[in-house]
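Below is one structure, written out as structure tokens, with a few remarks after it.
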Protein chains: 2
Amino acid sequence: MIEDKNPQRTTLGALGEFGLIEHLTKDVEINQPTTIKGIGDDAAVLDFKDKKIVVSTDLLIEGVHFDLAYMPLKHLGYKAVVVNVSDICAMNATATQITVSIAVSNRFPVEALEELYDGIRTAAKVYNVDIVGGDTTSSQKGMIISITAIGEADEEDITYRVGAGSTDLLVVTGDIGAAYMGLQVLEREKQVFQVNPDNQPDLDAYTYLIERQLKPEARKDIKLLLKALEIKPTSMIDISDGLSSEIMHLCKQSNVGCNLYEDKLPLDPQFMNVCEEFNIDSTTVAINGGEDYELLFTVRMEDFDKIKGNPNFSVIGHMTQESEGIHLVTRANTKIPLKARGWNALSTDEDQE
Amino acid sequence: MIEDKNPQRTTLGALGEFGLIEHLTKDVEINQPTTIKGIGDDAAVLDFKDKKIVVSTDLLIEGVHFDLAYMPLKHLGYKAVVVNVSDICAMNATATQITVSIAVSNRFPVEALEELYDGIRTAAKVYNVDIVGGDTTSSQKGMIISITAIGEADEEDITYRVGAGSTDLLVVTGDIGAAYMGLQVLEREKQVFQVNPDNQPDLDAYTYLIERQLKPEARKDIKLLLKALEIKPTSMIDISDGLSSEIMHLCKQSNVGCNLYEDKLPLDPQFMNVCEEFNIDSTTVAINGGEDYELLFTVRMEDFDKIKGNPNFSVIGHMTQESEGIHLVTRANTKIPLKARGWNALSTDEDQE
């Protein structure tokens with residue numbers, strides 16, 4: 001759907017590797033006091049003094065994690081940063097730096113990389129992270145983005161997957177499922193477009209879902225919110241791989257069970273409408289969908305009063321003894337064992353060689 | 001040449017993403033006192049106390065940076081770590097952690113990834129770095145490895161590309177050019193093998209060159225050596241992209257010129273023999289070849305006595321005023337302007353889509 005109608009195309013070879021890196025990173029600003037030396041040496045130099053450091057990394061592959069047919073390059077760059085910042089947020093830490101490595105085949109002109117980098121720089125500004133290094137090279141096929149995010153936190157603030165107590169409450173931020181349904185809408189429009197390229201899609205009824213898919217945000221506000229509420233979560237994880245698989249991670253690492261309540265799942269009205277339109281069960285999507293960059297955490301029961309009624313948080317269940325297992329309690333009040341379905345990049349059979 | 005004769009093949013889909021990561025990383029040990037939490041959470045947690053941190057990242061793409069026709073997977077894993085550790089060494093720092101992201105198409109069985117990871121783990125042990133995170137996913141084509149290396153150093157030890165004085169000596173570690181000629185030998189054998197797969201190559205005359213290409217080592221010893229000699233380099237860089245382009249980086253960032261002396265280049269006898277066999281000018285290869293994971297640095301003139309005669313170091317030239325330019329002084333004592341040729345992953349025209 002999104003097509004580059006810009007006739008100006010500069011080949012990558014014309015700039016060369018060093019030229020390209022310099023070209024893409026010339027406007028990169030350093031704002032973090034912890035960044036001593038950014039791009040331009042063999043390695044970046046950082047100084048966190050007495051803070052702890054958190055490090056996370058993600059690899060995004062065209063055709064596996066994103067489809068340029070409906071993902072504008074600027075959005076892709078933005079999202080690639082968000083995905084990594086979200087992991088730092090899930091440690092209850094603050095992202096401070098990223099490194100960005102990009103590989104592209106020669107089908108991409110320099111202008112395409114500029115757009116991608118524009119999105120990366122925009123996200124870096126929004127999330128106040130310095131771009132301190134990276135690599136730009138060619139690929140045999142398609143586009144590959146590898147980002148490593150670095151963050152800082154005081155030791156007492158860091159929240160792991162392990163730590164949930166067997167009577168803790170299970171809390172999720174924002175709403176869930178919308179990113180997955182946004183993808184379904186985009187996939188459908190892509191197919192319509194392939195049949196009739198002149199068709200102008202009317203996507204007004206899907207704007208929230210599409211935004212959740214194409215331009216997600218990481219919950220960097222949650223650390224501050226929790227601090228203000230004087231809550232230290234006992235465990236935390238980001239739910240980008242789907243709620244159910246992440247609940248299982250928390251339970252497994254904390255040696256607890258869980259009851260998740262179907263009627264407590266925070267679902268956006270647009271999400272529910274579109275599930276109906278697609279004839280898909282909204283609960284199934286909400287717990288298995290993935291790509292909602294929200295945070296899932298546990299708090300002690302006595303913190304309930306601090307959280308209830310806060311529009312950022314939904315208490316969706318409670319932990320139990322490990323022996324009780326992990327269940328979804330349906331609206332009809334039956335207990336179904338929760339299965340980790342999640343999103344699995346390796347189960348697809350798309351080897352095209 | 002290297003073929004997997006193991007009939008045991010487990011498909012990637014059979015294990016799934018989480019299963020695969022767990023399978024590959026179950027033996028990963030944590031040895032660094034700076035690693036608080038390694039693999040298994042949203043992010044690793046590190047604590048460097050009052051040390052400075054250095055961070056470097058590299059992306060390796062099959063068909064661009066390596067060829068599995070002659071690169072055994074275990075060696076590839078080892079080399080992928082070395083490439084990144086070398087960047088940390090070039091800051092005069094000590095590598096302490098790495099994150100490892102891998103994407104592979106479904107043509108690779110799990111056993112192939114095990115071999116790759118075996119090499120990565122071996123290198124992690126040799127260089128005493130903890131594997132603290134990463135990502136494993138599928139690719140549309142071929143194998144992609146992205147590694148980020150983290151290291152530590154005292155502030156006063158860190159050496160940048162900027163800092164060379166106009167009368168400093170230019171020093172390189174080890175010998176140069178061998179890795180490039182090793183690649184030429186392997187490429188030739190690959191072509192022979194394609195014509196006659198039964199041909200058993202006799203590579204005895206090339207062992208050093210092939211080892212420099214397939215199993216390079218990073219110079220983590222240099223920091224200790226320099227410390228013992230009480231030398232603080234004024235600038236430093238790794239020469240993986242080729243001596244001439246790295247000299248130009250040092251000169252550009254330090255605002256100095258340079259005279260590089262052809263007769264001072266440290267060349268291995270096997271390298272010189274094979275250059276003759278291939279009818280290639282050894283000086284051209286030595287200054288443009290690349291992939292020698294040696295270090296290039298500058299020291300003050302008064303440090304000459306500490307370095308001369310040390311088999312680890314070769315004084316190959318001296319810096320000059322910037323206005324004098326950057327030259328190679330040939331054996332015939334003529335001055336040729338040095339050009340950055342280096343290795344350029346983007347100039348190749350191998351888009352195969």
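Just so we're on the same page: letters track the sequence lines, and every chain starts at 1. Predicted model, so just to flag it, every value in this text is computed and none were measured.
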Gap separating the CD atom of Glu246(B) from the CG atom of Leu295(B), nearest 0.5 angstrom: 11.0 Å
Quick test of your reading of the model: are Glu291(B) and Lys79(B) salt-bridged, counting only N-O distances below 4.0 Å? yes
Turns out that what part of Ile158(B) lies under 4.5 Å from chain A's heavy atoms comes down to side chain
Under a 4.5 Å heavy-atom cutoff, which of Arg161(A), Lys37(A), Lys51(A) has the most pairs with chain B? Arg161(A)
Nearest 0.5 Å, please: how far is OG in Ser86(B) from CE in Met91(B)? 12.5 Å
Quick one: do Glu155(B) and Lys232(B) make a salt bridge, cutoff under 4.0 Å? no
Which answer fits Ile61(B), side chain, backbone, both or neither, if we ask what part of it has an atom under 4.5 Å from a heavy atom of chain A? side chain
Select one option (side chain, backbone, both, neither) describing which atoms of Gln253(A) are under 4.5 Å from chain B's heavy atoms. side chain
Report the residue from Val54(B), Asn92(B), Asp87(B) that forms a side-chain contact (heavy atoms from CB on, under 4.5 Å) with Asp42(A). Asp87(B)
Winner by heavy-atom pair count (cut-off under 4.5 Å) against chain B, out of Asp58(A), Ile150(A), Ile88(A): Asp58(A)
If you count heavy-atom pairs within less than 4.5 Å of chain B, which of Leu59(A), Asp238(A), Ile237(A) leads? Leu59(A)
Let me know if Ile102(B) has heavy atoms under 4.5 Å from chain A in its side chain, its backbone, both or neither. backbone
Out of Ser56(A), Ala43(A), Gly40(A), return the one with the most heavy atom pairs under 4.5 angstrom to chain B. Ala43(A)
Chain B heavy atoms under 4.5 Å from Lys52(A): which part of the residue, side chain, backbone, both or neither? both
Indicate the atoms forming the closest heavy-atom contact of Glu152(A) with Ala93(A), along with that distance. O-CB, 3.5 Å
Only pairs of heavy atoms separated by less than 4.5 Å count here; which of Thr57(B), Asp41(B), Asp47(B), Ile36(B) has the most with chain A? Asp41(B)
Classify the side-chain pair Ser146(B)/Ser101(A) by whether it contains a donor and acceptor separated by less than 3.5 Å. no
